[in-house]
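Heads up: the structure comes next, in structure tokens.
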Amino acid sequence: MTTNQNTEKTPNNTFDAIVIGSGISGSWAAKELCEKGLKTLVLERGRDVKHIGDYPTAFSNPWDFPHRLHETQQMRAENPVVSRCYAFDESTEHFFVKDTEQPYIQEKPFDWIRGYQVGGKSLIWARQTQRWSKYEFENPARDKYAIQWPIGYEDIADWYTYIEKFVGISGNKDGLETLPDGDFLPPWEMNVVEREIQQDILKKYPDRQFIIGRCAHLTEPKEIHKAQGRGQCQARNLCYRGCPYGAYFSANASTLPRAEQTGNLTLKADSVVHSILYDDKEKKAVGVKVIDRLTKEVRHYYAKIIFVNAATENTNLILLNSTSKRFPNGLGNDNGLLGKYIAFHNYRGSLTATRPGNQDSYYFGRRPTAIMLPNFRNVQEQDTDFLGGYMTFYTATRKGWNREVEGEQIGAVFKEKISQPGEWSVYMMMQGETIPKQENHIRLSTDKVDDWGMPQLIASVDYDENDEKILHDFFVEGEAMLTAAGCENIQRGDSRQAPGLDIHVMGGVRMGKNPKTSLLNQWNQLHHCPNVFVTDGACMTSTGVQNPSLTYMALTARAANYAVEELKAGRI
Amino acid sequence: MKRRNALKNITVAVGGSLVLPATLFSSCQSDDYQPLFFTKKDLVLLNEMGETILPETSDSPGAKVLKIANFMDVYVADCYKAEQQKIIQEGLIKFQKDCQEKVEKSFLKMTTLEKHEWLVVLDKSARDSETTHYFRLLKSLVLLSYFTAKDGATKALRYLPIPGKFEGNYPFQQGDKAWALG
């Protein structure tokens with residue numbers, strides 16, 4: 001062992017900043033810190049993935065895959081958890097962590113979906129990017145289901161703009177208070193039936209304006225995107241394989257190359273962060289302990305500031321595992337709340353329907369977004385019997401060959417009929433807020449470790465009565481809206497999916513004004529260890545109803561710029 | 001089974017990626033395809049059944065020339081649950097028995113018209129059946145294997161790997177084919 005060489009502070013292992021994680025939020029921290037001149041080390045526990053070169057399936061046809069993208073029994077048996085993820089199949093499985101790779105303990109059913117590689121889950125995210133409104137920041141405390149956010153919409157609005165410009169967000173300026181407009185590239189179109197449904201619903205419910213989805217796709221790349229080497233979205237909708245056009249935002253296509261260009265980035269893959277090193281004398285974090293994924297060798301790296309962006313569950317795990325004399329229960333965890341108040345998004349409900357007519361209309365290409373309705377529940381005041389709200393999404397498409405048809409069932413006439421598109425079908429789904437509760441938590445196993453000697457994660461997260469009420473409300477309101485829009489054969493579906501499968505797990509290291517009830521301040525600094533910043537989903541005080549990544553990016557850029565100022569002023 | 005292990009080894013050799021050399025798949029399309037679940041005789045029968053369900057028409061090939069039975073075999077072997085495999089296995093035996101009893105000849109010896117009429121009858125009883133009828137499974141396998149095959153997707157449907165844009169109001173005339181990718 002060469003422990004001393006690997007763990008003693010030397011110029012080679014010392015940086016201005018360390019970022020743990022290279023995904024959506026970590027890569028943004030890296031870009032901001034590097035651009036501001038900080039020598040920055042990014043640690044990624046998974047393998048390296050190079051933009052384009054490591055997207056082996058990007059141009060494959062369905063028939064190129066042994067099972068033409070269908071799940072095998074072996075896949076399901078070996079990976080009961082990750083195979084439930086909608087984006088996991090033969091074309092994408094190399095971007096997901098297999099169930100056996102890193103065991104964890106489900107005290108209650110919990111599907112932990114992970115993407116361990118450079119770029120993290122930014123390669124396989126769903127790319128929907130709505131701003132939070134003031135209601136998501138204010139209503140949780142107003143209705144007493146979460147502590148008060150230490151920031152409001154006005155604190156983050158300019159950072160949203162900053163992110164949107166660089167990432168490239170397509171969207172329409174809809175002027176809705178519940179889903180603020182951003183700096184948009186041209187919007188995607190609704191198809192004819194989606195437009196009719198939108199208009200029908202608006203006639204009956206004037207306060208429910210469905211809009212075209214907002215997503216991180218370059219519908220018309222600007223100079224700022226071309227300079228990143230990124231091009232126009234080709235409407236292929238094969239995004240989860242990695243985009244060879246760089247048309248959707250990923251760390252690999254966008255923020256990491258930008259950070260690298262500065263000359264200030266050092267990126268180390270295969271580096272599993274064990275813990276953050278706290279120095280009792282200096283009274284601050286001084287570095288991190290890393291275990292090499294392949295050799296299991298231990299190394300230390302040192303820096304003045306540390307950003308933790310390992311994705312919610314692992315960020316909690318690392319902080320809980322960062323114990324010292326000063327912090328025996330985990331870094332910054334004086335109040336014992338680290339790992340608690342975990343919340344997520346409730347995706348259980350969906351509705352399917354058919355809509356007669358429009359047989360002379362079709363669409364061209366595959367649009368990477370849906371039609372969205374901002375939350376309309378408990379917005380101005382608490383006006384239902386549940387807390388929080390939900391967003392609603394729908395799409396309308398014509399049925400394909402895999403449908404029931406009338407008439408001939410065998411032979412040429414049948415073949416001809418199912419080769420043509422069928423009637424219009426509508427799919428509607430919810431994205432519900434869940435309430436952050438102390439009993440929903442993540443903690444460390446005291447006796448089980450993984451292959452790297454890290455304590456295993458115990459997940460203890462569940463739905464409650466409020467989630468059932470939101471699900472019910474979605475069913476009732478969704479059915480009413482689809483009925484108003486002339487839909488038929490409306491069917492409810494409850495996936496009963498476990499928490500975690502939403503991949504929107506948030507909290508555990510929440511932001512707040514009061515160090516007694518929160519871990520992070522308004523700048524995402526640990527109250528009790530201010531040179532450590534947490535800006536991934538773990539920092540979230542409540543979940544909102546929007547897809548969260550845009551907010552993680554904005555919080556990250558904001559915190560990184562603050563960190564640089566504080567560092568230069570000598571305050572951290 | 002051997003073939004599957006071979007596939008696995010090759011995937012490992014190319015670094016865990018699941019893109020396999022095209023040459024590997026050409027073997028699936030040729031007559032020396034080694035079935036995983038069915039017998040070689042079954043494959044001949046399944047291709048004939050496929051052709052009856054989805055025959056060659058003026059603008060697209062039939063199921064037989066696409067050798068759809070080969071992918072049906074892979075799918076049943078790897079993706080089906082044991083109880084579905086059992087229904088298929090027993091169903092094929094019953095099918096051949098019923099051909100002799102009801103049409104008085106083997107399926108392969110029937111005329112095109114006889115094959116068609118017999119499968120129409122069988123399809124009706126499968127649709128009326130309250131339990132999972134083997135022919136319901138076979139027919140859905142035929143459709144899956146045909147429409148996801150290269151020639152099925154590109155000739156019987158419109159396959160557009162790189163649309164380049166999205167249009168929400170694209171004209172459609174009766175007879176136009178559906179997009180192969182949803």
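Just so we're on the same page: letters track the sequence lines, and every chain starts at 1.
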Note to self: Please classify the contact of A:Glu194 with chain B as side chain, backbone, both or neither, using a heavy-atom distance under 4.5 Å.
What the structure shows: neither

Item checked: Heavy-atom pair of closest approach, residues A:Arg366 and B:Leu160 -> NH2-O, 2.9 Å

Next item on the list: Name the region of A:Trp188, side chain, backbone, both or neither, that has any atom closer than 4.5 Å to a heavy atom of chain B.
Entry: side chain

Margin query: So which atom in B:Pro163 and which in A:Ala235 form the shortest heavy-atom distance, rounded to 0.1 Å?
Written below: CG-O, 3.2 Å

Check: Are the charged groups of A:Glu404 and B:Arg127 less than 4.0 angstrom apart, N to O?
Finding: yes

Next item on the list: Specify the closest pair of heavy atoms between B:Ala178 and A:Tyr362, including all atoms of both residues, with the distance to one decimal.
Entry: CA-OH, 3.3 Å

Item checked: Nearest heavy-atom neighbours spanning B:Trp179 and A:Tyr363 -> NE1-O, 2.6 Å

Note to self: Given heavy-atom pairs under 4.5 angstrom as the criterion, report whether the side chain, backbone, both or neither of A:Asp360 touches chain B.
What the structure shows: both

Item checked: B:Gln174-A:Gln420 side chain donor-acceptor pair, cut-off 3.5 Å -> yes

Notebook entry, point to check: Under 6.0 Å from the CD atom of B:Glu101, do we count more than 12 heavy atoms belonging to anything else shown?
Noted result: yes

Next item on the list: Would you indicate whether the side-chain heavy atoms of A:His70 and B:Leu144 approach each other to under 4.5 Å?
Entry: yes

Next item on the list: Could you tell me which portion of A:Arg398 (side chain, backbone, both or neither) has an atom closer than 4.5 angstrom to a non-hydrogen atom of chain B?
Entry: side chain

Notebook entry, point to check: Top residue by heavy-atom pair count (under 4.5 Å) with chain B, among A:Asn61, A:Thr397, A:Thr219?
Noted result: A:Asn61

Notebook entry, point to check: Can you name the nearest heavy-atom pair linking A:Ile410 to B:His116, along with the distance?
Noted result: O-CE1, 3.0 Å

Check: Shortest non-hydrogen contact from B:Ser60 to A:Lys415?
Finding: OG-NZ, 2.8 Å

Check: What part of A:Gln409 gets closer than 4.5 Å to chain B, counting heavy atoms only: side chain, backbone, both or neither?
Finding: both

Checklist line | Interchain contact, A:Ser361 with chain B, by part (heavy-atom threshold 4.5 Å) | finding: both

